[in-house]
Amino acid sequence: MLDINLFRENPEVVRDALTRRQMDVSVVDRVLELDAERRRLLTRVETLKAERNTVSKEIGRSKDPAERQAKIEAMRQVGEEIAALDEQVRQVEEALTAEIAQIPNIPKAGVPLGRDEHENVVIRTVGQPRTFDFTPLPHWDLGPRLGIINFDQGVKITGSRFYVLSGAGARLQRALIAWMLDLHIRQGYTEQYLPFMVKEETLFAAGQLPKFRDNLYHDAEEDFWMVPTAEVPLTGLFMNEILEEAALPIHYTAYTPCFRREKMSAGRDVRGIKRGHQFDKVEMYIYCRPEESDRELEKMLADAEQTCAELGLPYRVVQLCTGDLGFNAAITYDIEVWAPGCNEWLEVSSVSNVTDFQARRANIKYRPAEGGKTRLVHTLNGSGLGLPRTLIAVLENYQQPDGSILVPEVLRPWMGGIDIITP
RNA sequence: GGAGGGAUGGCCGAGUGGACUAUGGCGCCUGUCUUGAAAACAGGUGUGGGGAAACCCACCGGGGGUUCGAAUCCCUCUCCCUCCGCCA
């Protein structure tokens, strides 16, 4: 959520940000009107409340019954007026929050201008795509042949876009999770084990609600929501808290499953395990001072790149253009790995500086060491690689002519002696 | 699932309708004293909002209600604690 003061003092900044994101700017005027109305109502109602407070104290002290009665009568009317105005304030604030809550973050100055994902900018490519002297197979062929991915069973027990990993496939995914968590711990992150269901307030804080309601799973009985990413509970950890500056920066990593209805991408990427309703992810998350967030973004990007490098996967770093930037992010780098079987670059990681956007929604501040006013923290999030896609990349890049899969060196400690996956 | 007890400032803890402008203590900050520190003493010390400012408004777990006036009374929800039941 953006700062209301930004609209008052510098509405052009917001209009410019919306224009760069290819969005309509009329919301800015609606916000300004509602804000002016809110302040107009507040001035009136607070004057009346001050009067009521003063006179009520006089009533308490007064010994004259006639005077008391007159004042009680007068304040009864003032009270009715206050109630009516309070209700108007509530409605205006609700409308104001509804408008502001749907406005995305301001893209940082260096973010390339662009309409959609086609105008993203490749920053660098690292590693040479492996050359094959045979035709590499896509994972949806490799997996079933090796008996490590079963699509039919997933569909049978749950439905479309669900699959089962079996034997070495399940173990390989577990190895990736364990290895990645350990790597992030070495990089300075503290591991968190989190609830996989959260309440509505937490989703609002993380910027998922109200905008992405259609992409979330919701248990109506208990009013719990399944997390679409660890970013959501990680943002919620310090909701409504004031941290000490000395505690910052905070680096967290967490493994969680992620649940997404993917309503908006129905029909896309239907083959294989690239896009499912349930997938696993290891996330990195940082809380820091505003001055540190640019530097922390570079650290997080380097940390995410290290996972690809150590897995021996060729990858490229892509900077998202303004038209493709996510709702919360001010700047985002995607990491894409080459999948020779399905013949495409797979987005395995997305590393973003969210600046104070989630912190304002979640009300997470810190007290400067020198004292003075509390300030909003900056938050950053990045996947230390989404798992099905990393699994795809490992399977397709490490396939051998006979259809077997060589297990990457770094994962072998978790594979119980399996160096090569064969049928 | 059942019965009971709780939730007050950074922390402890008092407050059962009007002097609460939230007592007191601890902690923290500033000052006095001191070569310095400690101790003692004095003052200060929450968050958010409105206003050019003076100042004002809101907040005692969340929401709603009664009242001229609510930390205090009523309803409701959440969470914590104790016990019982059930349970991986």
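Just so it is clear, the structure is predicted and the values come from calculations on it, not from any experiment. Chain A is the first sequence line, chain B the second, and so forth, proteins listed ahead of strands; every chain is numbered from 1.
- Projected onto RNA chain B by closest heavy-atom contact, A:Ile59 and A:Asp35 fall at different nucleotides, the more 5' of which corresponds to A:Asp35.
- Electrostatic pairing of A:Arg213 and A:Glu200 counts as a salt bridge here, judged by a charged N lying under 4.0 Å from a carboxylate O.
- Formation of a donor-acceptor pair under 3.5 Å by the A:Glu396 side chain with backbone atoms of A:Gly341 is found in this model.
- Across all strands shown, B:rA42 is found opposite B:rU30 as a Watson-Crick or G-U wobble partner, with both distances under 3.5 Å.
- Here A:Phe357 and A:Phe327 bring their ring centres to under 6.0 angstrom of each other.
- Applying the salt bridge (charged side-chain N to carboxylate O under 4.0 Å, His left out) rule to pairs touching residues 346-359 of chain A yields A:Asp356-A:Arg360, sequence neighbours excluded.
- As the counterpart of B:rU23, no nucleotide is assigned, since no Watson-Crick or G-U wobble pattern has both distances under 3.5 Å.
- Not a single donor-acceptor pair under 3.5 Å links the side chain of A:Arg21 to the backbone N or O of A:Asp16.
- For A:Gln399 (side chain) and A:Leu137 (main-chain N/O), a donor-acceptor pair under 3.5 Å exists by modelled atom type.
- Between A:Phe259 and A:His277, the ring center distance fails the sub-6.0 Å criterion.
- If you take CG of A:Leu41 and P of B:rG50, they are 13 Å apart, rounded to a whole angstrom.
- Dense packing is recorded around CZ of A:Arg20, with more than 12 heavy atoms of other residues, nucleotides or ligands lying under 6.0 Å away.
- RNA chain B is contacted by A:Ile72, A:Met75, A:Arg76 of residues 70-80 of chain A, taking any non-hydrogen atom closer than 4.0 Å.
- A 6.0 Å sphere centred on CZ of A:Arg30 holds more than 12 heavy atoms belonging to other residues, nucleotides or ligands.
- At a threshold of 4.5 Å between non-hydrogen side-chain atoms, the residues A:Ile364 and A:Leu376 do not count as touching.
- If you take atom C1' in B:rU35 and the same atom in B:rU47, they sit 43 Å apart, rounded to whole Å.
- Nucleotide B:rG61 has B:rC77 as its partner under the Watson-Crick or G-U criteria, with both atom distances under 3.5 Å.
- Just one residue in the list A:Arg289, A:Arg367, A:Arg375 forms a salt bridge (Lys or Arg N to Asp or Glu O under 4.0 Å) with A:Glu245, and that residue is A:Arg289.
- Remark: A:Ile242 in residues 234-246 of chain A come within less than 4.0 Å of RNA chain B through at least one heavy atom.
- Considering only residues two or more places apart in sequence or on other chains, A:Lys57 meets the salt bridge (charged side-chain N to carboxylate O under 4.0 Å, His left out) condition with none of them.
- If you measure from atom CZ of A:Arg68 to atom C1' of B:rG69, you get 10 Å, rounded to the nearest angstrom.
- Between A:Glu200 atom CD and B:rU78 atom P the separation is 15 Å, expressed in whole Å.
- Using atom P as the reference point in both B:rC57 and B:rA71, the two lie 13 Å apart (nearest Å).
- Rounded to an integer number of Å, the gap from A:Lys373 NZ to B:rG46 P is 12 Å.
- For A:Lys365, taking side-chain heavy atoms from C-beta onward, the closest of the listed nucleotides B:rU47, B:rG50, B:rG18 is B:rU47.
- Taking atom CZ on A:Arg40 and atom C1' on B:rG49, their separation rounds to 18 Å, with Å as the unit.
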For this session: Starting at the 5' end of nucleotides 51-66 of chain B, put B wherever the base has a protein heavy atom under 4.0 Å, S where only the sugar-phosphate does, and a dash everywhere else.
Result: S----SBS--------

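- The gap from the P atom of B:rC20 to that of B:rC75 amounts to 28 Å, rounded to the nearest Å.
- Across all strands shown, B:rC83 forms a Watson-Crick or G-U wobble pair with B:rG2, both key distances being under 3.5 Å.
- Taking atom P in both B:rG6 and B:rC56, the straight-line distance is 37 Å, to the nearest Å.
- Pair assignment for B:rG36: none, as no Watson-Crick or G-U wobble contacts are both less than 3.5 Å.
- Side chain of A:Asn105 to main chain of A:Asn328: a donor-acceptor pair is present (N/O by atom type, distance under 3.5 Å, no hydrogens or angles).
- Taking the P atom of each, B:rA3 and B:rA88 are spaced 25 Å apart, rounded to whole Å.
- For the P atoms, the distance linking B:rA52 with B:rA42 amounts to 40 Å, nearest Å.
- The gap from the P atom of B:rG85 to that of B:rG25 amounts to 47 Å, rounded to the nearest Å.
- Side-chain proximity of A:Arg367 to the nucleotides B:rC68, B:rG49, B:rU47 is greatest for B:rU47.
- Taking the P atoms as reference points, B:rC79 lies 35 Å from B:rA19, given to the whole Å.
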For this session: Could you please spell out the steps behind the side chain to side chain contact (heavy atoms under 4.5 Å, CB included) verdict for A:Val318 and A:Tyr333?
Result: CA-CA 6 Å; A:Val318 176; A:Tyr333 296 108; over 6 Å; no

Could you go through nucleotides 19-22 of chain B and list every protein N or O atom that sits under 3.5 Å from one of its N or O atoms, giving the distance for each pair?
none

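- Aromatic ring pairs are classed by plane angle as parallel below 30°, tilted from 30° to 60° and perpendicular above 60°; the pair A:His251 and A:Tyr189 is perpendicular.
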